[in-house]
Amino acid sequence: MAPAHSAAHARGMTVVPRSPAPRPIDPGVRIGHVHLRTADIDRVRDFYVGVLGFDVVFEARDVPGWGTTGDILFLSAGGYHHHLGFNTWKSRGGAPQPDGVTGLHHVALNYPTKAGLADAVRRLREAGVPVRQASDHGTHLAVYLSDPDGNDLELAWDRPADEWPRDEAGHLAGLFGDLDLDELLAEAA
C-alpha cells in the first residue's frame, strides 16, 4: 500500500482506490470552504442562514474585489472561519449559470448525523424549498436542491465506513437507489 493510502487506512478509511495516484496528495487534505458568486447577498443570506441555519461570520457591503466592488458574506457551522463564502463582485443581479456549460456541479454539505439531515429536510419543507432528488448512494444519503441563485446543493449524511458497499477487492460498489424523505423524517424523529 502506498504511504498516503496507509495513512488513510490508519485513520479508519477503508476504501481501496481503483486507481491510486502515482504521487498521492497528503491524506489529511480537506475541502476548507467554497466561495460562490451570488446575484443578491440578502436573498442568499435568507436561505443559508434563515432556512439552513448557518451562522454569519462576516458580512460587508461595497468591498473591492476582482476589479470591481460588491457585497460579501461568510458563513459557518460550528465556529470555523467560513465554510461558505458569497460575493456579488461580478454577479450582482446576474442570472443563474445555464445548463450545458462547464463549471461546478454541486456543493455537498455533510451533516454529522442522520437526524441532522432529517432536520434540514424539515426546514426545507417548512420554507417551501423544493427537493430535486433524494438518493441512497450506499455510502451516504443525499438530498439535492438548488439555492436561490441556482447553485445546486447536496445535503448528505455519511453512513459509518464499515457499512459502505464494497466489492471483494475493497473498492466502492456504486449504489444509486431512491431515498424516501418521509421515511427519513420518521426514522430521525
Side-chain angles (χ1 to χ4, degrees), residues 15 17-22 25 29-54 56 59-77 82-111 117 120-159 164-165 171-182 184:
V15 172
R18 289 190 183 274
S19 180
I25 191 170
V29 170
R30 299 286 178 265
I31 303 297
H33 71 270
V34 175
H35 199 119
L36 299 168
R37 294 178 180 171
T38 182
D40 184 324
I41 285 289
D42 294 323
R43 182 180 69 189
V44 83
R45 184 185 204 278
D46 289 345
F47 176 75
Y48 283 93
V49 176
V51 176
L52 293 181
F54 280 90
V56 175
E59 183 173 8
R61 305 296 171 146
D62 299 317
V63 176
W66 297 91
T68 185
T69 60
D71 305 330
I72 60 173
L73 175 68
F74 291 167
L75 305 177
S76 171
H82 71 290
H83 289 100
L84 295 171
F86 297 92
N87 73 70
T88 62
W89 287 319
K90 292 187 173 190
S91 56
R92 186 187 320 261
Q97 185 94 344
D99 286 338
V101 298
T102 60
L104 183 69
H105 183 268
H106 70 264
V107 174
L109 304 175
N110 281 25
Y111 288 79
L117 176 60
V121 170
R122 260 190 220 98
R123 290 169 182 245
L124 294 171
R125 282 189 172 177
E126 289 170 1
V129 176
V131 169
R132 295 178 63 177
Q133 180 178 326
S135 300
D136 182 341
H137 293 305
T139 55
H140 64 288
L141 303 180
V143 176
Y144 298 92
L145 61 135
S146 296
D147 77 2
D149 285 306
N151 295 308
D152 291 331
L153 299 176
E154 174 185 355
L155 307 184
W157 167 72
D158 286 343
R159 285 190 170 89
W164 293 356
H171 302 132
L172 284 179
L175 179 65
F176 296 94
D178 291 331
L179 171 62
D180 183 320
L181 293 180
D182 291 326
L184 171 67

Exercise for the section: Check whether any side-chain heavy atom of L52 lies under 4.5 Å from a side-chain heavy atom of L124, and answer yes or no. Expected result: yes

Practice task
Could you pull out all residues at least two apart from A173 that satisfy side-chain contact (heavy atoms from CB on, under 4.5 Å)?
Solution key: P165

Problem - D158 to H140 - nearest heavy-atom pair and separation - result: OD1-CB, 3.3 Å

Exercise for the section: Can you sort out the partners of H35 under ring pair (Phe, Tyr, Trp, His ring centres under 6.0 Å), two or more places apart, ordered by chain and number? Expected result: F74

Handout entry: Donor-acceptor contact below 3.5 Å, side chain S91 vs main chain T38
Key = yes

Problem - D182: salt bridge (Lys or Arg N to Asp or Glu O under 4.0 Å) partners, not counting sequence neighbours - result: R125

Exercise for the section: Please step through side chain to side chain contact (heavy atoms under 4.5 Å, CB included) for the pair L153 and Y48, ending with a clear verdict. Expected result: CA-CA 11 Å; L153 299 176; Y48 283 93; 3.4 Å; yes

Handout entry: Of all pairs that satisfy salt bridge (charged side-chain N to carboxylate O under 4.0 Å, His left out), the ones with a partner from residues 133-156, not counting sequence neighbours
Key = R43-D149, R132-D152, D136-R159

Completion exercise
Applying side-chain hydrogen bond (donor to acceptor under 3.5 Å, both in side chains) to T139 and not counting sequence neighbours gives none

Fill in the blank from the handout: On a heavy-atom basis, the closest approach of T68 and W89 is CG2-O, 2.7 Å

Handout entry: Spatial distance of atom CG (D62) from atom OG1 (T88) [nearest 0.5 Å]
Key = 8.0 Å

Practice task
Mind checking the CD-OG1 spacing from Q97 to T102? Nearest 0.5 Å is all I need.
Solution key: 7.5 Å

Handout entry: L104 atom CG: more than 12 heavy-atom contacts under 6.0 Å
Key = yes

Practice task
Using side-chain contact (heavy atoms from CB on, under 4.5 Å) as the criterion, list what pairs up with Q133, not counting sequence neighbours.
Solution key: S135, Y144

Exercise for the section: Over all heavy atoms of both residues, which pair between S76 and H83 is shortest? Give the atoms and the distance, please. Expected result: CA-ND1, 3.7 Å

Problem - Contact check, side chains of F47 and V129, non-hydrogen atoms, under 4.5 Å - result: yes

Exercise for the section: Dump the intermediate steps for side chain to side chain contact (heavy atoms under 4.5 Å, CB included) on V121 and V131, then the final yes or no. Expected result: CA-CA 9 Å; V121 170; V131 169; 5.5 Å; no

Exercise for the section: With sequence neighbours excluded, tell me which residues meet side-chain contact (heavy atoms from CB on, under 4.5 Å) with D46. Expected result: none

Practice task
Please list all pairs passing the salt bridge (charged side-chain N to carboxylate O under 4.0 Å, His left out) test where one or both residues lie in residues 82-92, with sequence neighbours left out.
Solution key: D71-R92

Completion exercise
In terms of heavy-atom contacts, V101 and P98 come closest through CG2-O, 3.1 Å

Problem - Close side-chain approach of D40 to F86, heavy-atom, < 4.5 Å - result: no

Completion exercise
Sorted by chain and number, sequence neighbours left out, side-chain hydrogen bond (donor to acceptor under 3.5 Å, both in side chains) with E59 holds for R45, R61

Exercise for the section: Could you give me the CA-CA distance, side-chain angles and deciding distance for L36 and V44, then say whether side chain to side chain contact (heavy atoms under 4.5 Å, CB included) is met? Expected result: CA-CA 10 Å; L36 299 168; V44 83; over 6 Å; no

Fill in the blank from the handout: Heavy atoms of P96 and G150 approach each other most closely as CB-CA, 4.2 Å

Exercise for the section: With rounding to the nearest 0.5 Å, note down the distance linking OG1 in T69 to CG in N87. Expected result: 11.5 Å

Exercise for the section: With sequence neighbours excluded, tell me which residues meet side-chain hydrogen bond (donor to acceptor under 3.5 Å, both in side chains) with R37. Expected result: none

Handout entry: Within-4.5 Å side-chain heavy-atom neighbours: L179 and V143
Key = yes

Problem - Qualifying residues under side-chain hydrogen bond (donor to acceptor under 3.5 Å, both in side chains), relative to D178, sequence neighbours excluded - result: none

